[in-house]
Structures are given as C-alpha cells and as structure tokens.
Amino acid sequence: MKHLLSVDDLSTDEVEALFATAADMHDVQSREVKKLPALRGRTVVNMFFEDSTRTRSSFEIAGKWLSADVINISAKGSSASKGESLRDTVLTVCAMGVDGLVIRHPASGAALQVSQWVDAGVVNAGDGTHEHPTQALLDAYTLQRRLGSLRDRHVVVVGDLTHSRVFRSNVQCLTKLGARVTVVAPPTLMPSGVGTWSAAAGFETSYDLDAVLPEADAVMMLRVQRERMSGGFFPSAREYTVGYGLTRDRLSRLRPDVPICHPGPMNRGLEIAADAADAAQSVVLQQVSSGLAIRMAVLYHLLAGEGA
Amino acid sequence: MSLVITGASLLGEKTADLYVDDTGLLVDSAPAGAETIDADGLVALPGLVDLHTHLREPGREDAETVLSGSRAAALGGYTAVLAMANTTPVTDTAEAATRVWELGREAGLVHVQPVGAVTRGLAGEELAELGLMHRSRAGVTVFSDDGKCVHDARVMRRALEYVKAFGGVVSQHSQDPTLAGPTACCHEGELSGRLGLPGWPGIAEEVVVARDVMLARHTGSRVHVAHVSTAGSVEVLRWAKAQAERDGTWSVTAEVTPHHLLLTTDLLAGYDPTFKVNPPLRPQEDVEALRAALADGTIDAVATDHAPHARHDKEHAFVDAAFGMLGLETALGVVRTALPGLSWADVARVMSVAPARIARLADQGRPLEPGSPAHVVLVDPDAAVTVDRDASASLSRNNPWHGRTLTSHVVHTVFGGRVTVRDGALA
Ligand SMILES: [Zn+2]
C-alpha cells in the first residue's frame, strides 16, 4: 500500500488485514507505556488545509505511539488565495524529507492530486465532500467488533449525504465487507444521480427513516451542518429532526442491541437526541478509540519496513 | 507581395489556382513575379473566424498576449479572432477596446476584434459604454460579459435594446448563478455525486437560454448564445430559431466549442484540472445532440473558447483551479475528428462564414473568389497529427488534446495576402 486515498483502493483482504493490525494496536492503548518502535526515524506530516482537531489529534497520537516524528502544519485558507499553487505548497513541505503525508483539504480530489506530485505516502484525511477513508475504516471496525461479521447486516446511514465524505467512504467500506446498506435523507440532501450510483454500488436509498429503522442492525447518523438551512436544503431544524433525526421516540423503537454511530461532532437535538447520543448502545466513544487504532494500523501498513 | 496558390481543392470540391495581388485581394489572373505555394492535395477554405478567444492581454500576459494568441490562431488556420472582454482591466471602454485592436494590428497575424463588456467591470449592474465602444476605431459589434452571465433580466433586456441602434449583438455566457452555485465545476450527475464535486446542472444553462431568446423576441434584437453545452439548450434553440424565422424581427445564433463536441464529463474522474472548463464537459448524450445541432444548423458556429492559463493557476485542487483549456491550434482537427461526415463546405460555414456574419466582419468568411480579401487556410485533409502541448505557440500549456491524434492539419494560412503559416510553422 503506497497511499490510502480511497476505500475503493483497498481489497476486502486488505481491509481485514488493517483490522487485524488495528486490533493489535488497540491492545497497545491499554498498556501503561503506549509506544511501539515501528516508525522510529520516519517523519509524518499532518497537513491540514481545514480545521479538524479530532482527526488531526488522532493521526498525531497514532504517529507518536508508533515513534514517528510527527509535524503538524496548518495550511488553512486555500493556497490559491495566498497566490501559491497547491502543488508548490506540498512540494515545499515534502522537500524536507517526509515519509508520510496526512492531508485534509476542503476540496474534493485534493489528496489524489497531491499523491501524483509527491514521493511520500499520502493518507487522505478527508477531501472536501469526497472521501474520508480512515473514518469509514474505523466505523466498520467499530461495528465489526460490536456485531461480529458485517456480512448481511443492515446498516442504515442517515443525514446530509450530498455533503458527506463519511457517507461516500462508508458505503464503499460497508458493502465491501458484505453489509447491506440503506442511506436515508430528504431528496434535497441526496447526491445527484444517486439512483444510478446506488444500483451499481449495491446500496439502497430511502426518504423514509421510520420505514427503514425497524430493520436496522446498526444506525449511523451523519452531522448536519446548520448552514444547510440557509442553503434551502430543508425548511427548518425542527422539520429536519422530525423527519430524519434519531429522536428519543425513534430510539425507543430501536432494538437495544443496535449500535448507534456518529462521526462527530454531534449536533445534539438536531440529527441526534441527547438520549440517543448517551444511550448504552451508542458507540460514539468507541469510535474515537477505534480511530486511533485504525490510524496506527494505516500508518504502520504505509510506512513500516520494506515494501510495506 | 503577390501570391499564387496552385492546385488547391476549393472547399474540397473543384481544383483551381488562387491568385492574390499585392494589395491582398483575390484576383482572377496570376500577378507577375508572385510567390508560389504548391497546394496540391490540400483543401482551401476561407480563413477561420473565432467568435470566442481569451487573449489575456492586458492583465495576464504571463498566460497569453495578443501576439502569442495571434500566433496560435494563425497556426490553427484563423484569420480573425474575437478577443473576450474579461481582461484586467475589463474591456468596457472605447479606449480599452481600441488598445486591444491596436495590439492586434501590431501583431499583424490575424484580425483581432475586441469584444466589449456588456456591463461595467463585468459586474452585471450598469451598462458599459456600448455605443462608444462601437464608435471607436475598434468598431465593437459583439458584447459579452463572458466568464459571467448577465443574470439580471432587466439589464439583459436593456443591453439587447440598446445595441439595436448600431446592429450589435449580445453574446451570453448562459449560467444561472443561483442554480449553478459559486463553486460549480462538474456536470451535475452521477459522477459529480460520486466525486463530491459541486454540480453545474444543465438546467442552469437552459433556463438562461430560454429567457434570453424570449427577451430577444421581446426587444426585436440579436442574441448570441456562447458555448452551448446541453441537449436541452439545443431544443430551446431549435424552437427559438423557428420562431425568429417566422417573425423576421429578431434573431438568435449559437456557438459550440470543439471540446464540447468531443470530450465527455467522465474525464473528470481523475480530478485533472486540465479538463476543468466552463461550461463543464457534459455526458455523451449532450455531445451527440450538439454534433447533430451543428450539422443541421441549429448551432451556427464553432468557437474555441481558447482559455490559456499559467501552469500555477491550474495546479490547485480541482475546485480551486482556473476554468478553461486551449483551443485555437486544435479546433479544426477536433471538428474534423468529432464530425468526420461534415463536408468542407459545412466546415467553412461553421468555422468561418457564420462566425464572420454573426460578428459582422465584412472582410472575413468570404467566398474564395476574385474581389475577396485573401484570407485563406490550406488544410491537409488526411493528416493524422498527434498533439504535443509543448509545441504550442500559446504561452500556456493547459491543452486537453495533448497526446491525442486529430484528423487534418493546417498547412498554410494566408491573412490578407500575407503568408502567416507556411508548412505548418509560423512564417
Ligand atoms: Zn463563457
């Protein structure tokens, strides 16, 4: 594995191998000394063109626990506005001898483009509304630990699909692992052409959360940006919650063994009621620790040893 | 200097010699002491006319200048180009238009006809000095805010009314900014959904085309639709042209770019900004509709939308990269490749005669007969040329055709009796 740009680049076996490594890494987390020597002498740069404290910290800790030298570069604001091209920006950083480049960028496709310009291994830590592969891996890993195999399990993904990189990576990852996936959103928040896309990619779509929820083996709530309201995507927060929120009422109709995921940060009261966020079946905090294990596994597979 | 062109096939039909006297006019007998071009096996067409060229001067001379763009145009077989107004500063005054016109004359390789902005600073609010631009030495007749849509219906109405006084035409970049958001850069469809790129739906073009033809009908004016890109727009145009013909009081004309005749939206799958263009590349169904509309005359002309960009303006993330691709040097080859069944008379119609008529360039797009100015392009119809972006005369390299093989090759270009391109190279 040279880069991790998209879940689509990974075979099912590679996903399972990453999960196996992540399980080992998970064990490290419960040790008193949380340090492995695997990436000693390797330099990883977290280059974030968009703020994300949780993703950046997760990659930072993952790198440090593997003994890599980790440098954070905040390059917020488009490089275009500073008059420098993205290519020049990343080449300048990589000229300092970087082995791994973890990139978060507000533009879709940026990680792929960067991977074509640099020698370092590139990890896509979220590119615009395109993909967020480590999030998808950590979600699937979390669910797999909870449910056992995901084969034929029904995962329901709810929220702003149009603008969600988490959704795009998750449908790939979950269907790869044999899960049945239904995505639910109001028509205005469904990506264009989703009908053709879903048929080819093997997931289902629905506008009706209440019709889908009784069959769910897992529920994945997506964050709804409040600015979507002014964008005319739906009439009000109240109406969104009634139609698509994981409300207390919907929670009460969910089987108690159905895990609830959310990539965070949560809008409590909008897409997820506080009761649901804090429910015993919520795996939100497990997602965070899984994230660390997955990112350690990704960095390890990318950067450790010969031909890794 | 006088010129004799021997053995060319005029519009791909009868073979004849062409004679050019030392004033640059086609004449009916060989002038004494003339230079000779052997055009055996070549097709002669009237010099090509481009309704839609971005020359970037003034303001972005690192991307293109009037001179470098003129060179590219000559190599592509052009003898006239209309230079779009979205320069820095904008071509929205008589002085600015005259300056571009003068730079074109100094370059001397093609007729460079400035396009005037419709609104001051392309801001879409107040009309630019349309009449003064027309009265200037540049004699501006085509007005466009290209790059931006004249979105306010009232402003568009006034512009259409105003240019009637001097036979002007408004060339519209049809893009409803509320339907195609500020970052729209990919045809809205399954691919944009999967790639997570902001969608630019065909309907954002179609509603403006529909509105503008109604405004042209209402005002009794002339509207020109720049770079038509969808089958829906073609349907509207087909209807509107029938209405205009029946009414006889107004007109609508339209152009299509070479790239919209051959390239499709799936090229965006790799996020290569070379293929980022506005309007965006569309699916195959649209491409087919555009080809049919060009062949049957619903779309009048091919216009390049030649849009040179410095390398660093394309080396951004896809949504941040500049829109546009080069087109002058490859246009004829692309049209021939996309529409191999198009007759040479039809090629001349869509690449020379109709654009000259729309822009009211009386000297251009004329039949190759005595009395016409000697604007001639000589084409090898059977050549297969592999495009090399580094061989371009443009200062920019954003060439979507790099590595592709195109049919036909411009061998010689003659501008007003002067040979500007000889044997495929600048003379
Ligand atoms: Zn335009």
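On a predicted model such as this, the values are computed, not experimentally measured, just so you know. Labels below follow one simple rule: chain letters A, B, ... track the order of the sequence lines, proteins then strands, and each chain is numbered from 1.
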Query raised in the report: Near A/Glu14 CD, under 6.0 Å, is it more than 12 heavy atoms from other residues, nucleotides or ligands?
Result: yes
Requested in this report: State, yes or no, whether a side-chain contact exists between A/Gln113 and B/Pro273 at a heavy-atom distance under 4.5 Å.
Outcome: yes
**Report entry** Shortest non-hydrogen contact between A/Ser192 and B/Gly189, atoms and distance
**Finding:** OG-O, 2.9 Å
**Report entry** Any B/Asp320 side-chain heavy atom under 4.5 Å of A/His105 side chain
**Finding:** yes
Requested in this report: Find the distance between OG (A/Ser85) and NZ (B/Lys314) and round it off to the nearest 0.5 Å.
Outcome: 13.5 Å
Query raised in the report: Hey, is CZ on B/Arg311 packed in by over 12 heavy atoms from elsewhere, all under 6.0 Å?
Result: no
Report summary line: If you tally heavy-atom pairs under 4.5 Å between each of B/Leu197, B/Leu195, B/Thr183 and chain A, the highest tally belongs to B/Leu195
Report summary line: Here the pair of heavy atoms bringing A/Pro191 nearest to B/Gly193 is CB-CA, 4.0 Å
Query raised in the report: Got more than 12 heavy atoms from elsewhere within 6.0 Å of CG, A/Asp119?
Result: no
Query raised in the report: If you round to the nearest 0.5 Å, how far is OG1 of A/Thr196 from CZ of B/Arg194?
Result: 9.5 Å
**Report entry** B/Tyr271 vs A/Ser108, side chain to side chain contact (heavy atoms under 4.5 Å, CB included): CA-CA, chis, key distance, verdict
**Finding:** CA-CA 8 Å; B/Tyr271 296 96; A/Ser108 300; 4.0 Å; yes
Query - Heavy-atom closest contact (A/Leu86 atom, B/Ala317 atom, distance) - result: CD2-N, 3.7 Å
Query raised in the report: Measuring from A/Leu91:CG to B/Glu315:CD, what's the distance to the nearest 0.5 Å?
Result: 8.5 Å
